[in-house]
There are 2 protein chains.
Amino acid sequence: MSAAPFSRRERQIMDVLFRLGKATAAQVRAAIPDPPSYSAVRAHLRTLEDKGHVRHKAEELRYVYMPAQNPEKARRGALRHLVDTFFPGSPATAVAALLSAHSSELSGRDLDELQTLIDQAREEGR
Amino acid sequence: MSAAPFSRRERQIMDVLFRLGKATAAQVRAAIPDPPSYSAVRAHLRTLEDKGHVRHKAEELRYVYMPAQNPEKARRGALRHLVDTFFPGSPATAVAALLSAHSSELSGRDLDELQTLIDQAREEGR
DNA sequence: CCAGCCGTGCTAGATTTATAGCATTAGGAT
DNA sequence: ATCCTAATGCTATAAATCTAGCACGGCTGG
């Protein structure tokens, strides 16, 4: 369990990897707002790999790094953590906040799908 | 901008404060899974206060700490960060994931409110 | 009164994180 | 073949985090 927490830089790097899916050391560095040296990024990637949070493949003479954990699982964990700390006990508020923050970016099709989910929830809750 | 990053412990402590709203040093310590010494928690709270992330009130002879930032703003920031890193470019997926993860905990009234939000989004998107 | 119990402030030290620089290897071009 | 570029592995050191312990002050009960 223990959810091995990350240091500041490690957290930044893991976030980049989750966002990009996979990336070289240089790409990771480029995606960090206040980037440290290339060397430092590589060192962090190595230690993250040692700890089992990241893995790499050799690709075109380069190393391409990616999160070791199943992305879906990581997403669920992040969601749960966020709901627990910022919307404790009221997931509905979380959904509402998320929805209203992005309402203008949602397509009609998106809204249809959400509609379906809500209808399903009503079915279950009956 | 720069989103002043926290160290591992600082992050843990801030999360507890957001979850509880306000808490004494002892309560913060109790809420941390693998707690450091009471002294260490106090030291962290002090440095967090120096940096302006936390403030305290004297209450019943004790210090009660709370986040300095507007909780609503912090929530919005956390949501945006999560969507950006785990659901880049597809907020709809994020909403869907959140919704299906908690569908069983939502009351009929909750669902009504979400319904309203979706309807509003349709209006706007027209 | 005064001893014991909280609570705080502070400082010094251990531990972890973060960084840079150097050595080495592989490929591609001249 | 040899040089140049671009990548990796490693190690030493700088910087920040994390921690514990001690000193002090105020309340409270005997």
Side-chain angles (χ1 to χ4, degrees), chain A residues 1-69 85, chain B residues 1-18 20-69 81 85:
Chain A
M1 249 280 192
S2 85
F6 297 110
S7 73
R8 203 172 19 150
R9 276 291 188 224
E10 287 177 344
R11 170 88 271 143
Q12 283 185 310
I13 291 175
M14 290 304 295
D15 283 353
V16 170
L17 289 181
F18 279 120
R19 187 165 63 235
L20 301 184
K22 63 181 190 178
T24 65
Q27 290 171 326
V28 169
R29 177 168 189 270
I32 291 180
D34 178 18
S37 75
Y38 177 60
S39 232
V41 174
R42 285 188 298 120
H44 282 301
L45 284 168
R46 244 175 287 129
T47 61
L48 281 169
E49 185 155 31
D50 286 347
K51 295 192 210 163
H53 301 300
V54 153
R55 64 200 173 86
H56 80 267
K57 278 192 305 195
E59 198 169 282
E60 304 279 330
L61 299 182
R62 248 154 247 162
Y63 282 3
V64 177
Y65 292 88
M66 64 201 72
Q69 195 184 22
T85 91
Chain B
M1 256 292 177
S2 85
F6 296 110
S7 73
R8 205 178 33 192
R9 280 284 189 228
E10 288 177 344
R11 171 87 270 146
Q12 283 185 310
I13 290 175
M14 290 305 294
D15 283 354
V16 170
L17 288 182
F18 279 120
L20 302 184
K22 62 181 191 177
T24 66
Q27 289 171 326
V28 169
R29 178 168 189 270
I32 291 180
D34 177 18
S37 74
Y38 176 60
S39 231
V41 174
R42 284 189 300 121
H44 281 300
L45 284 169
R46 244 174 288 131
T47 61
L48 281 170
E49 185 155 30
D50 287 347
K51 295 192 210 161
H53 302 299
V54 153
R55 63 199 174 87
H56 79 268
K57 278 192 305 195
E59 199 168 282
E60 305 276 330
L61 299 181
R62 250 155 242 149
Y63 282 4
V64 177
Y65 292 88
M66 63 201 73
Q69 195 183 22
H81 183 256
T85 91

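None of the values given here were measured: they were computed from a predicted structure. Just so we're on the same page: letters track the sequence lines, and every chain starts at 1.
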Worksheet item: C/dT16 C1' sits how many Å from B/Glu10 CD, rounded?
Response: 14 Å
Discussion item. Check the orientation of B/His56 and B/Tyr65. Use parallel for under 30°, tilted for 30 to 60°, and perpendicular for over 60°.
Written reply: tilted
Practice prompt. Considering just the side-chain nitrogens and oxygens of A/Tyr38, establish if one lies under 4.0 Å of OP1 or OP2 belonging to C/dG21.
Written response: no
Item to complete: Using atom CG of B/Leu45 as one end and atom C1' of C/dG9 as the other, report the distance to the nearest whole Å.
Response: 14 Å
Worksheet entry | Exercise: identify the closest heavy-atom pair between A/Val28 and A/Val16 | CA-CG1, 4.0 Å
Discussion item. Rounded to whole Å, please give me the gap between OH in B/Tyr65 and P in C/dG7.
Written reply: 12 Å
Worksheet item: Under a criterion of less than 4.0 angstrom to any heavy atom of chain A, what are the 5'-terminal and 3'-terminal contacting nucleotides of DNA chain D?
Response: D/dA7 to D/dC10
Worksheet item: When we call it a touch if two heavy atoms are under 4.0 Å apart, what does B/Ser7 touch: a base, just sugar-phosphate, or nothing?
Response: sugar-phosphate
Practice prompt. Using a 4.0 Å heavy-atom cut-off across all strands, classify A/Ala43 as base, sugar-phosphate, or nothing.
Written response: base
Worksheet item: To the nearest Å, how far apart are B/Tyr63 OH and C/dC6 P?
Response: 19 Å
Discussion item. Expressed as a whole number of angstroms, how long is the span from A/Arg46:CZ to C/dA20:P?
Written reply: 14 Å
Worksheet item: Taking atom C1' of C/dT16 as reference, at what distance in whole Å does atom CZ of A/Phe6 sit?
Response: 16 Å
Worksheet entry | hbond_proxy B/Arg42 side chain to C/dG7 base (donor-acceptor, 3.5 Å cutoff) | no
Worksheet entry | Distance below 4.0 Å between A/Arg9 side-chain N/O and C/dT17 OP1 or OP2 | no
